[in-house]
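If you're wondering where the values come from, they're calculated on a predicted model, not measured in any experiment. Throughout, protein chains are lettered first and strands after them, A, B, ... in sequence-line order, and every chain is numbered starting at 1.
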Number of protein chains: 2
Amino acid sequence: MLKYVEIAEKIEQYIIDKDLKQGTKLPKFNDLIKQYGVSKSTIVNALNILEKSGIIYQIQGSGIFVRRNQRIGYVNLIENQGFTTDLDEFVITSKVLLLEKIIPSEEVRSNLECSKDELVYHVKRLRYINEQILCVEESYYNSTIVPYLNEEIAKESIFNYLKAALRLSVGFSDKYLHVIKLSEQDSQILELKKEDPALLTEELFYLSSGTPFDFSRTIYHYEHSQFFAQSNSLNI
Amino acid sequence: MLKYVEIAEKIEQYIIDKDLKQGTKLPKFNDLIKQYGVSKSTIVNALNILEKSGIIYQIQGSGIFVRRNQRIGYVNLIENQGFTTDLDEFVITSKVLLLEKIIPSEEVRSNLECSKDELVYHVKRLRYINEQILCVEESYYNSTIVPYLNEEIAKESIFNYLKAALRLSVGFSDKYLHVIKLSEQDSQILELKKEDPALLTEELFYLSSGTPFDFSRTIYHYEHSQFFAQSNSLNI
DNA sequence: GAGTGGTCTAGACCACCCT
DNA sequence: GGGTGGTCTAGACCACTCG
């Protein structure tokens, strides 16, 4: 475990344990250096992680402060680990509607940067939050990278399987969002009406090596989903 | 200008000028150190900015690679400087529907952390992208922080005014997103039909000092808006 | 095993906030 | 002016990738 990651986690835990609220001042820089017995840049790194994650903010010449304002029950648009980790306090379950290994379409090939010879897994799942319909998700996994997948796995968190069993490491992702009117077919799946509103997301996930491995299209139930995104000034 | 910011900008410019595509390998670490005549950590910082902004990705033991995959015409959910800077190649204009100085409502007071005595500016604008309706935005600015605002300013980019004229520095922001059916009133403003889909965002902007100064509620035209969010693995 | 990126240190100096 | 966070350096050592 890296020192700065470890320290970041300890500080986060400290904030949670003490239930510190927005604006509370944290111990000063030099105290943190002494407390953890590390050099200045290690603390800098730890604090930058926390700042980037929206847990603290730092003001030069003044101090380090708690930032903790999130509403709960919102899907984090900046996390990229699937929302099983995201919506901690909620029960996420899935029903597998389809799982097949197919020759990729033109669109999937261009997103996953693969050829017709490389088969892809096509998984369609209905996902529930606290037993309410959250979204319907259609995913394509490059089978060169994800050589095996079955219904048991798809019923649980596929990402956890990829990380734990296949030892894949997710590097980064791109998400594109559109608001749409539901088609007849999608409305039936989501138990809504045709032309009802919905959020359509297209996501492309890359390994740490820069290779795309998962292209997904998800349609969210507009009454059971909400989203958030935190921003920082750029130069962190 | 900070060295690492400057170097980050130069590298970004280099990528744009050479029109390098996704996956292109950049000069190696030691070359960058020599080229810019700085120490290792300065380069580390510069590269981390670029990684965080989704412009490159780094693979330990392998190299530094270009990441440039964005579709254009999407509103960036992670920027927090208003989208005048965001949608570079598009013409963003605004029509001011309302500008008044009022006693804040309960909701506005709790978001802006102010009292009844502190008046707020209430601005309602219809915003256009390439002369098409993009969104209707209702913003509340704490007048203790933003002491003056008029229609001329609101017709242009309010954020540019805050930064340039008032010398305010935006630190961070929280955004919450919901998909809704349009009300009669909003549908008329957006020239859509009642019950048409829309994205509703609530945003709270903070100064670098941690003080909230702008609470905004925006409703986007579903046919003229689309959004994107890039993610990275956490420990950057 | 050579090459490349990542972490960590110790310490100098700078920039900003507050009183 | 004293305190606090931010930048930068030089260099040691670690961890990963790839041929």
B/Lys3 NZ to D/dA10 C1', in whole Å, measures 13 Å
Worksheet entry | Over-ring placement of B/Arg71 relative to A/Tyr176, 6.0 Å and 45° cut-offs | yes
### Message
At less than 4.0 Å, is any side-chain N or O atom of B/Tyr4 found next to OP1 or OP2 of D/dC8? Yes or no.
### Response
no
Whole-Å distance, B/Ile43 CD1 to C/dT4 P, equals 15 Å
Assign each of A/Gly37 and A/Gln60 the nucleotide of DNA chain C bearing its closest heavy atom; nearer the 5' end lies the nucleotide of A/Gly37
Exercise. Is B/Glu106 salt-bridged to B/Arg109, going by a charged N under 4.0 Å from an acidic O?
Worked result: yes
When rounded to whole Å, the CD to P distance for the pair A/Gln58 and C/dC17 reads 14 Å
Rounded to whole Å, CG of A/Leu50 lies from P of D/dG6 at a distance of 13 Å
Indicate, yes or no, whether a donor-acceptor pair under 3.5 Å links the base of D/dG6 to the side chain of A/Lys40.
yes
Hits for side-chain hydrogen bond (donor to acceptor under 3.5 Å, both in side chains) against A/Glu107, two or more places apart or cross-chain, chain-then-number order -> A/Arg217
To the nearest angstrom, the CD1-P distance between B/Ile33 and D/dA12 comes to 14 Å
Side-chain atoms of A/Lys28 come closest, of C/dG6, D/dT4, C/dT7, to D/dT4
Using a 4.0 Å heavy-atom cut-off, does A/Ser41 contact any base of the nucleic acid, only the sugar-phosphate backbone, or nothing at all? base
Rounded to whole Å, CG of A/Leu47 lies from C1' of D/dT7 at a distance of 15 Å
Quiz item: Touch check for A/Ile64, heavy atoms < 4.0 angstrom, all strands: base, sugar-phosphate only, or nothing?
Solution: sugar-phosphate
In whole angstroms, the gap separating C1' of D/dT4 from OH of A/Tyr57 amounts to 15 Å
Of the listed D/dA10, D/dG6, C/dC8, the closest approach to the B/Ser39 side chain comes from D/dA10
On DNA chain D, more 5' by nearest nucleotide between B/Ser62 and B/Met1 is B/Met1
Against the side chain of A/Val38, the closest entry in C/dT9, D/dC8, C/dC8 is C/dT9
To the nearest angstrom, the CG-P distance between B/Leu207 and C/dC17 comes to 11 Å
- Taking 4.0 angstrom as the limit, do B/Asp174 and A/Arg67 come out as a salt bridge? yes
With a cut-off of under 6.0 Å to the ring centre and 45° to the axis, is A/Lys175 in cation-pi contact with B/Phe228?
no
Walking DNA chain C from its 5' end, the first of A/Ile59 and B/Phe29 to be reached, judged by nearest nucleotide, is B/Phe29
